[in-house]
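Report on the structure given below.
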There are 2 protein chains.
Amino acid sequence: MKNKKRTTIYDIAEKLNITASSVSRALNNSNYVNENTKKLILKTAEELNYKRNTLASNLRKGHSKTIGIVVPRINQNFFSNVIAGIEEATYQKDYNLIICQSSESQNKEIKCVNTLINQHVDCIVISVSVDGTDYQHLQNVLDHGIQLIQFDRVADELETLKVINDNEQASFEAVSHMIEQGYKRISLLEGPQNLQIFRQRKIGYLNALKKYDLPIIDELIVENAWTKELGAEATRKLLSLSEPPDAIFASTSDFSALGVLEVATAMGFKVPSQLGICGYSNEAFTELTSPSITTIDQFSSYMGKTIANLYFQEMENKEEIEVVPKIISIKPKLIIRSSTKKNGD
Amino acid sequence: MKNKKRTTIYDIAEKLNITASSVSRALNNSNYVNENTKKLILKTAEELNYKRNTLASNLRKGHSKTIGIVVPRINQNFFSNVIAGIEEATYQKDYNLIICQSSESQNKEIKCVNTLINQHVDCIVISVSVDGTDYQHLQNVLDHGIQLIQFDRVADELETLKVINDNEQASFEAVSHMIEQGYKRISLLEGPQNLQIFRQRKIGYLNALKKYDLPIIDELIVENAWTKELGAEATRKLLSLSEPPDAIFASTSDFSALGVLEVATAMGFKVPSQLGICGYSNEAFTELTSPSITTIDQFSSYMGKTIANLYFQEMENKEEIEVVPKIISIKPKLIIRSSTKKNGD
DNA sequence: TTGTATTCTGCAATCGATTGTCGAAATTAT
DNA sequence: ATAATTTCGACAATCGATTGCAGAATACAA
C-alpha cells in the first residue's frame, strides 16, 4: 500500500492557472470568486477526485470538529447506547467521534485523555473509571481550553458540565416499590463508594427505608458487589444468614442482579415469592430471564443526544458568556417486572 | 470556553533561547541534541504543560496514526465487541479510532467513508450496510492509498483484505446438528441475499439438507426475516401452515430467533420438543431465555484483534511487497443449548 | 598548532488549507 | 469620458511540528 500522492488545492490551481486561494474560496463557497471559475474549480476538483485534507484545515482553523469520548467499556450496553446517541446527534453537524476505553483503569484513562488533548479535540465526553480518586487530568482538559462534559459516573468535585441520572430518586423509587410489595428485609448490593452514582443509590435506598420506618440492617448491606460474580458471591452469603433478606436490590447493575437470580434459583429460593430482586440499567436480558427482572431504565441513547446537544448549545454561547457549570439530570424510569411482584398483580 | 493559547514548541524554544528544531528533536528523543539541553527542554515542557499538537505533527508526517471504523450500528453487541477488540490491540500501538455508524444506510455509509478519507486515516475498517449494492466508495478508499479491511459483511467483488467468519461451515454444522437431533422439516429464516454472509449461510443450510437427503421445501424458506419483528411474523405464518416446520434456523440473528421463540411459545408450541430453534451470533441473552437458545459464536472480540493485527502486519510489508488481497476466515463455534435438544440429552 | 572527526544547533523549507490585504479589472454612476 | 464603486484574484503569512542541510563548537589525535 504505497502512499499515492493525493490531489491538493495546489494541483487544482495549477491545472487552471489560478492560485490556491481562489480554489480554497471556491471550495468554501465564498462570494469573492467568480461564479464561472467557481463552477470550473468544483468540476475540476471532482475530476481529480480531490478530498480536502482535514488535518491541514483544522490546523489552520484551530479546531478539529471532533469530540473525544472516554468510557470504561465500549461494549457495555449502557455505554454503547450513549455513544450511539452522541453519534447520531453529532453526525448531522459534521463532527467526528474519537472513542477510547479506559478499561476501568485510571492509568489508561489518563493516557486516553492526554491523547485526546493532543488531538486537539473540541470537547471531551467522559464517564470515569471505577478506580478513580484523583482528577488532575480532567482539570488539565479544562486548562487547555477544551470543553469537558462528564456523564453518568462523574467526579462531583470538578465543576464541569454534567449529564447524569437522578440515581438517588430512582433508587428511592425502586426500594419503595419493593417495600410496597411487602418485602421487609431488603438487602443492598452497593458499588464502590468513591463513585458518586453508587453513593447516591445508597442514599436513595436508605431514604426509602426511613420513609417506611424500616430498620437499617448492616449485615444486609454488601459493599462492592458490582459484577455478576460478586453479586453471586454476596447472595450466597446473604441467603445463608440465619435471617436472610426477603429481597435484594442490586443497585450496581443488572449483571449483579443476574448473579443474584442464578444463585437464588440454585439455592431453591423462589423468586419473587420468597426473594424479590431488582437490578439497575435495563439491560436487554432483564426482560428475558425467568422470572424477568425489575430494573431501572436510564434512557441511555437519549442521554447521548442530550450530551451532544448540551455541547452545541454551549458552543453557541462560547464568546459571550462565561461558562457556568451546568448539570442536566435525567430522571430514570423504574421498570417493574416479575422479579418483584410478591403481590402477584 | 475561550480558546486559551496553548504552549507550542516555539514557546519552549523562546524561553530557553534556542530554536524550535532543538525542542522538537528533544521531544522526539533524537540523538542530535545535547543531553543537558534535552533534560532542560523536557523539564520546561512539563512546566509549561506542553502538549504536542498531533494535527500539525500528522500533517507534516503525512499520516495520522488513526484507524477509521464504519459499522451499521455501534450499539449492536457483535459490532461493539469487535470495536472493543480493535481498540485493545491498537491502543498499545498508540493508534486512535474514529468511529462512525452507517445506521444500515448506504448513503450515510458513503458520507462516513468520505469523512474518514478527509481525515487522512491510515486505514478504514468496514462492515457494509445491509442495503449496499454499489461499492464505488470503497474502491475510492483504495484509490486514495488508504488501507481497507472489510470484515463480516463484506463486498466480495472487491479485492481487499477481509476478515470473515466461515458462515457456510457454521451454518452447515448448525443444521446438521438439528437433523441429528431428529428434526426433519427445518425452516430457514434468511437475510437479504445481496449480502454475502447471508448467501453463505443459506448454502450451508442447503448443503446440510443435501448431506442427509432431506428435501428442500420452498415454503419453509423465508426471505428477509432478519429482525425480531420479522422473525416473529415469519414464525406466525410458518406455524400456521398445514404442515408446519419442526425446527427453525434463524440464520440472520439471535434477535430473530428470539422472535421465533416468543411467537412459538405464545402459540403453544413446545420448544424444543415440538419445535427446535437455532439463532446466530451468541448474543448474551441467548443463554438466559427459557429454554436457552442454541446459537453460533463468532468470537467477535477476537475478530477485532485479528483485524488490528492484520493491519499492523500489512503495514510492515508496505514498502516491499505489493499488497495481495488476503482473506482471514475465523471458524465460528456452534453453541448447543436447550432449544435444539429434542433428544433431551 | 594544525587537522580531522564528532557532536550539536540553527536555518529554512515543508505538510495543505485558510484568510487579511491590496491592487487590477469590471461595473456602475455622474 | 471620468470618477466611484464593486468584484475578483494574487500574494504572503499563518497554523505547529518536522527534517535535510550546513555550519559552529567541541573533542581528540598527530
Does any N or O donor sit under 3.5 Å from an N or O acceptor when you compare the side chain of Arg60(A) with the base of dG20(C)? no
Atom-pair distance ([atom1] on [X]; [atom2] on [N]), nearest Å:
{"X": "Asp11(B)", "N": "dA17(D)", "atom1": "CG", "atom2": "C1'", "answer": "13 Å"}
{"X": "Ile41(A)", "N": "dG9(D)", "atom1": "CD1", "atom2": "C1'", "answer": "10 Å"}
{"X": "Asn28(B)", "N": "dG20(D)", "atom1": "CG", "atom2": "P", "answer": "12 Å"}
{"X": "Asn17(B)", "N": "dG10(C)", "atom1": "CG", "atom2": "C1'", "answer": "13 Å"}
{"X": "Tyr32(A)", "N": "dA26(C)", "atom1": "OH", "atom2": "C1'", "answer": "16 Å"}
{"X": "Arg25(B)", "N": "dT9(C)", "atom1": "CZ", "atom2": "P", "answer": "9 Å"}
{"X": "Asn36(B)", "N": "dA25(D)", "atom1": "CG", "atom2": "P", "answer": "18 Å"}
{"X": "Leu27(A)", "N": "dG16(C)", "atom1": "CG", "atom2": "P", "answer": "15 Å"}

Ignoring hydrogens, what is the shortest heavy-atom contact between [X] and [Y]? Give both atom names and the distance.
{"X": "Phe151(B)", "Y": "Val82(B)", "result": "CE1-CG1, 3.8 Å"}
{"X": "Leu55(A)", "Y": "Leu59(B)", "result": "CD2-N, 3.9 Å"}
{"X": "Ala308(A)", "Y": "Ile86(A)", "result": "CB-O, 4.3 Å"}

For the side chain of Asn28(B) and the backbone of Ser30(B), is there at least one donor-acceptor N/O pair under 3.5 Å apart? no
So, Glu109(A) side chain and Ser102(A) main chain: donor-acceptor pair closer than 3.5 Å or not? no
Can you tell me if [X] touches the phosphate of [N], counting only side-chain N or O atoms and a distance under 4.0 Å to OP1 or OP2?
{"X": "Thr37(A)", "N": "dG9(D)", "result": "yes"}
{"X": "Thr19(B)", "N": "dG10(C)", "result": "yes"}
{"X": "Arg6(B)", "N": "dC15(D)", "result": "no"}
{"X": "Asn53(A)", "N": "dA17(C)", "result": "no"}
{"X": "Thr54(A)", "N": "dA17(C)", "result": "no"}

When we call it a touch if two heavy atoms are under 4.0 Å apart, what does Asn31(B) touch: a base, just sugar-phosphate, or nothing? sugar-phosphate
I want to verify a distance call: between [options], whose nearest atom is closest to the [X] side chain?
{"X": "Ser22(B)", "options": "dA17(D), dT9(C), dC11(D)", "value": "dT9(C)"}
{"X": "Thr8(B)", "options": "dT18(C), dC11(C), dA17(D)", "value": "dA17(D)"}
{"X": "Tyr10(B)", "options": "dG9(D), dA17(D), dG16(C)", "value": "dA17(D)"}
{"X": "Ser21(A)", "options": "dT19(D), dC11(D), dT18(C)", "value": "dC11(D)"}
{"X": "Ser24(A)", "options": "dT19(C), dA17(D), dG16(C)", "value": "dT19(C)"}
{"X": "Ile18(A)", "options": "dA12(C), dA10(D), dA17(D)", "value": "dA10(D)"}

If you measure only the distance, is there a donor-acceptor pair under 3.5 Å linking the side chains of Asp131(A) and Ser129(A)? yes
Where each residue is assigned the nucleotide of DNA chain C containing its nearest heavy atom, which of Ala20(B) and Ala56(B) is assigned the position nearer the 5′ end? Ala20(B)
